[in-house]
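Residue numbers run from 1 in the order of the sequence given. Only a predicted model underlies this, so the values are computations on that prediction, with no experimental measurement involved.
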Amino acid sequence: MTEMTSPFMSHKECSVGKECRKPNPATVTTLDVIEWDHMNLKLFYPMALASTWSVRTVLYPLAVLRSRLQLQKQHSVYRGTMDAFFSIAKHEGCRGLYRGFWVTVPQVGTSFIYSTVYEKLRAVLQQNYGWTSCAGISSLAGGAASFCTQAIFVPTDIIAQHMMIYNYAEKFISGNDHKVLDYLRSNKGTLGIRVIKAVYHSDGIAGFYRGFWASSAVYVPTCFVFWPTYYKIQEALKHLRKRVNFNNTSLLLDQAVAATLGGAVSTIATNPMEVFRIRLQFQVHRTTYSQTLARLIRNEGWTVFTKGLPPRLLSNSIYTGVVMVGYEIVKRFCVLSEYQHAVKW
């Protein structure tokens with residue numbers, strides 16, 4: 001799944017081009033930025049978690065499609081995104097589209113890790129170093145927070161993706177390395193538990209963190225691309241409305257458009273590293289970084305830039321846009337009574 005955004009990541013978002021400031025309830029007329037201090041947190045946390053969980057549940061099948069398309073060599077299993085979807089739905093049913101889903105449940109906890117690191121680093125950069133660039137602060141803080149979430153994301157993702165390709169593992173795992181697969185086939189029980197045991201049996205604890213740096217090299221740069229794009233698009237929309245003399249618009253709509261396009265741009269920019277990450281962890285995952293890269297270039301060539309991109313692009317764009325909008329709506333519903341009059345939709 002996509003990990004660059006979090007439902008809690010923007011609770012102190014800056015207004016475009018302005019420094020973050022907490023409005024005074026006695027004088028504020030428009031609350032463009034809703035911070036934690038403005039909300040009923042007892043109401044906010046369960047609503048935000050429910051919103052995020054709903055989005056992840058709906059979009060999970062796209063993660064399965066992405067993984068299988070990226071792990072196959074050329075078009076050896078599926079001809080494309082739609083072929084993969086209908087093939088999985090026909091032969092494996094709904095269970096195939098949601099294979100490995102329960103293992104990713106702990107990834108919801110990454111939202112709390114992300115928010116803590118993100119907010120504290122933002123505060124340090126603003127208060128101690130005097131940074132005022134929203135894009136710069138958010139990019140650096142988001143990158144650092146994303147790196148910290150890899151401690152949970154990498155092991156759960158490895159387990160989930162082993163489960164995703166289990167039924168046709170021979171078609172996805174190349175070379176002579178079938179150690180995990182052989183252990184899975186020789187044991188019985190719940191697939192998820194068997195995968196955990198197989199990975200530990202093959203590589204120990206280190207097996208759950210294989211490709212950690214490759215994963216970080218995907219999701220940290222994603223933040224570096226997403227946040228500047230997000231703010232620039234909002235600025236462009238604001239400038240465009242001024243030129244056409246149209247000011248009757250929704251802030252929420254601007255945020256939705258900016259988040260969706262920002263998710264798309266960051267996905268395209270990092271797709272080659274995403275293909276490299278997933279190949280390193282699963283297909284030939286006991287080769288070195290340089291050997292995996294050389295084999296990837298030799299086997300895939302220029303298609304490395306587009307392999308598995310359609311479902312990943314669709315998933316990340318929708319996920320980013322919906323999560324950001326859902327989060328902003330949740331914040332508006334959780335605003336304390338003294339700020340309700342200033343909420344801007």
Side-chain angles (χ1 to χ4, degrees), residues 1-6 9 56 63-64 66-68 70-71 100 103-118 121 139-165 172-175 177 179-181 183-184 192 195-226 266-267 269-297 304 307-308 312 315-316:
M1 301 294 290
T2 126
E3 304 3 21
M4 113 193 101
T5 59
S6 163
M9 67 164 52
R56 294 175 71 93
V64 176
R66 177 208 67 195
S67 296
R68 293 197 179 188
Q70 289 178 335
L71 281 170
V103 179
T104 66
V105 172
Q107 291 181 7
V108 176
T110 62
S111 299
F112 294 97
I113 298 175
Y114 193 108
S115 63
T116 301
V117 177
Y118 180 80
L121 184 53
S139 296
L140 187 57
S146 182
F147 178 79
C148 293
T149 63
Q150 298 305 305
I152 294 178
F153 175 77
V154 172
T156 54
D157 196 51
I158 285 177
I159 297 168
Q161 297 204 57
H162 273 299
M163 295 175 67
M164 291 177 191
I165 66 172
F172 294 101
I173 301 177
S174 65
D177 185 7
K179 196 172 182 180
V180 173
L181 179 61
Y183 186 91
L184 283 174
V195 170
I196 294 173
K197 291 180 178 179
V199 173
Y200 182 78
H201 177 266
S202 302
D203 299 304
I205 295 297
F208 295 102
Y209 288 92
R210 190 172 297 280
F212 177 88
W213 296 110
S215 182
S216 300
V218 174
Y219 297 111
V220 173
T222 293
C223 292
F224 295 158
V225 176
F226 172 79
S266 59
T267 297
T270 58
N271 197 65
M273 279 306 302
E274 168 67 6
V275 177
F276 173 74
R277 175 193 72 84
I278 200 170
R279 290 292 182 90
L280 180 73
Q281 290 177 327
F282 302 100
Q283 190 170 14
V284 284
H285 63 271
R286 283 179 179 78
T287 58
T288 64
Y289 277 62
S290 60
Q291 290 171 334
T292 302
L293 179 61
R295 183 173 300 190
L296 180 62
I297 294 174
V304 69
K307 196 169 188 65
R312 184 170 181 253
S315 175
N316 285 6

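Note that the OG1 atom of T222 and the CG atom of N271 stand 10.0 Å from one another [nearest 0.5 Å]. Between atom CD of residue E274 and atom CG of residue N316 there is a gap of 8.0 Å, rounded to the nearest 0.5 Å. Of the inter-residue distances, the one linking R56 atom CZ with T104 atom OG1 reads 5.5 Å to the nearest 0.5 angstrom. If you take CD1 on I278 and CD1 on I158, they are separated by 10.5 Å, rounding to the nearest 0.5 Å. Residue F276 holds its CZ atom at 16.0 Å from NZ of K307, rounded to the nearest 0.5 Å.
When every heavy atom of V220 is checked against every heavy atom of G143, the shortest pair comes out as CG2-O, 3.5 Å. Pairing each heavy atom of I113 with each of C148, the nearest pair is CG2-CB, 4.0 Å. Contact record, Y114 with G142: OH-CA, 3.2 Å, taken as the closest heavy-atom pair. Smallest separation of non-hydrogen atoms from F208 and V154: O-CG1, 3.5 Å. When every heavy atom of P221 is checked against every heavy atom of A217, the shortest pair comes out as CG-O, 3.1 Å. Shown here for A214 and M273, the closest heavy-atom pair between the two residues is O-CE, 4.1 Å.
In this structure, R210 contributes its side chain and L280 its backbone to no donor-acceptor pair below 3.5 Å. Remark: side-chain polar atoms of T156 are paired, donor with acceptor, to backbone N or O of F153 under 3.5 angstrom. With hydrogens and angles ignored, the 3.5 Å screen pairs no side-chain donor or acceptor of Y209 with any backbone N or O of P155.
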(message) Please determine whether side chain to side chain contact (heavy atoms under 4.5 Å, CB included) holds for the pair S146 and F226, giving the CA-CA distance in whole Å, both sets of side-chain angles, and the decisive distance to 0.1 Å.
(response) CA-CA 12 Å; S146 182; F226 172 79; over 6 Å; no
(request) Apply the test side chain to side chain contact (heavy atoms under 4.5 Å, CB included) to residues D157 and Q107: give CA-CA distance (whole Å), side-chain angles for both, the deciding distance (0.1 Å), then the verdict. (result) CA-CA 9 Å; D157 196 51; Q107 291 181 7; 4.2 Å; yes
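One side chain, T270 or R312, offers a donor N or O that lies under 3.5 Å from an acceptor on the other.
Under the side chain to side chain contact (heavy atoms under 4.5 Å, CB included) rule, S215 has a single partner from W213, F212, Y219, which is Y219.
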